[in-house]
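Notes for the one structure printed next.
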Amino acid sequence: MVLLLRYRSLTINLTPLLIPKSHSFHTLQSFRNPKNLISIPRISSSSSSSNNPTTTTNRSISDAAKFAKSVLFVPPGVEIEELTDDMVLPGSNIVIGPFAGHSQIKEVEFVKSSARARDCPKDDRPEIAILGRSNVGKSSLINCLVRKKEVALTSKKPGKTQLINHFLVNKSWYIVDLPGYGFAKVSDAAKTDWSAFTKGYFLNRDTLVCVLLLIDASVPPQKIDLDCANWLGRNNVPMTFVFTKCDKMKATKGKRPDENIKAFQQIIRENFKVHPPWILTSSVSGLGRDELLLHMSQLRNYWDQ
Ligand code: GDP
């Protein structure tokens, strides 16, 4: 519990994200090359600024550090003065630090479905929960991460969709598949149950390292996602926004993913003093898969130390 609180406070203090208005987040080109989403001033005093196209030559080190800190998720163990742009995961605002380690999933086993937080496995191993609106692409992302189809299928079986499903990964940590919210077919009573028991999980699960809040990049910002993000933020639950379906470059109706993401980020910026880390993914193309796993490894390893 002590570790968790320490992690939480660091997350809160070290993850300010403000996508500066001056930085283009909406052009197709910048979206295709996610590294262009953020331009990081080179603030390492040892590196020459003149050969780096992203350099802001007139900034002092402290200005550059402040700027970088306001844009990026800087994990524990990284000195802001030592930041260079190659430490940022492509397609994200996430800096990779010394706690990042072994991230690939070799083995995964379904452990348990629980109807209440207190029924979850009694275990000290860290866990990362995955949450999102129904149809956001949660099962696809879990399958993509673990590279096994049957895993997320397990939790899609009738009767298990409204349960907390624990999967043990590499015998060392858990992926927790939480019920999708915003089910059109679920009755109001079931919706109330969902929030009561899922909220209980967030508030009482001492081993919860972080919530991956999945946001469908192929649709404009949804109130229900923003409500969820705001609730997690108010309750100091560490979260990472995982934008899904980022391969859908041609909008069938409405706006393109890059425009939807930009709109979502703007709303979050208005609501949050401190903005969580974010990453672009696609379960179809595999975009962001390895990067997300690496991010998860550094969160876990720091929590676990
Ligand atoms: P869940 O209800 O959140 O578990 O969502 P699913 O994983 O079942 O996905 C819902 C729909 O979105 C399915 O038709 C998927 O094929 C589609 N989908 C999921 N992920 C992606 C993605 O990365 N790209 C695209 N283009 N479609 C996706």
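Atom set for the values below is all heavy atoms of this structure, side chains included, hydrogens, waters and symmetry mates excluded. Counting starts at 1 for both ligands and their atoms, following the listed order.
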Atoms of ligand 1 close to D247 [distance to a heavy atom under 4.0 angstrom, numbered from 1]: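 Answer for ligand 1: 22 (C), 23 (O), 24 (N), 25 (C), 26 (N).
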For ligand 1, which atoms, with element, lie under 4.0 Å from some heavy atom of S140?
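By the 4.0 Å cutoff, the relevant atoms are 6 (P), 7 (O), 9 (O), 19 (C), 20 (N).
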task = May I ask you to check whether T240 and H295 show a side-chain donor-acceptor distance below 3.5 Å?
result =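 Result is yes, a qualifying pair exists.
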Check: Name the one of F73, F264, W278 that satisfies ring pair (Phe, Tyr, Trp, His ring centres under 6.0 Å) with F241?
Finding: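 Of all the options given, the one that passes is F264.
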Inset, instruction - Only heavy atoms count here, so choose which of N135, V136, D216 is nearest to atom 10 (C) of ligand 1. - result: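 Minimum heavy-atom distance to atom 10 (C) of ligand 1 goes to N135.
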Given K262 and D258, is the salt bridge (charged side-chain N to carboxylate O under 4.0 Å, His left out) satisfied, shown in steps?
CA-CA 6 Å; K262 185 188 172 206; D258 51 332; over 6 Å; no
- Considering only heavy atoms, does K248 approach ligand 1 within less than 4.0 Å through its side chain, its backbone, both, or neither?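 Only the side chain of K248 comes within reach of ligand 1.
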Among the heavy atoms of G180, does any lie under 4.0 Å from an atom of ligand 1?
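No heavy atom of G180 comes that close to ligand 1.
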Original post:
Counting both backbone and side chain atoms, is some N or O of C246 under 3.5 Å from an N or O of ligand 1?
Top reply: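 N/O-N/O distance under 3.5 Å: no.
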- Query: Is there at least one pair of N or O atoms, one from T244 and one from ligand 1, spaced under 3.5 Å apart?
  - Reply: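 Among all N and O atoms of T244, none is under 3.5 Å from an N or O of ligand 1.
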| said: If we ignore hydrogens and angles and just use 3.5 Å, is the side chain of T244 paired with the main-chain N or O of V136 as donor and acceptor? | reply: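 Yes, the answer is positive, given that a donor and an acceptor are paired below the 3.5 Å cut-off.
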- Message: Tell me whether the NZ or CZ atom of R300 lies within the 45° cone about the ring axis of W173 and under 6.0 Å from its centre.
- Response: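 Judged by the rule, R300 and W173 form a cation-pi pair.
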May I ask you to check whether over 12 heavy atoms, not counting those of K106, lie within 6.0 Å of atom NZ?
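Atom NZ in K106 is not packed in, count stays at 12 or less.
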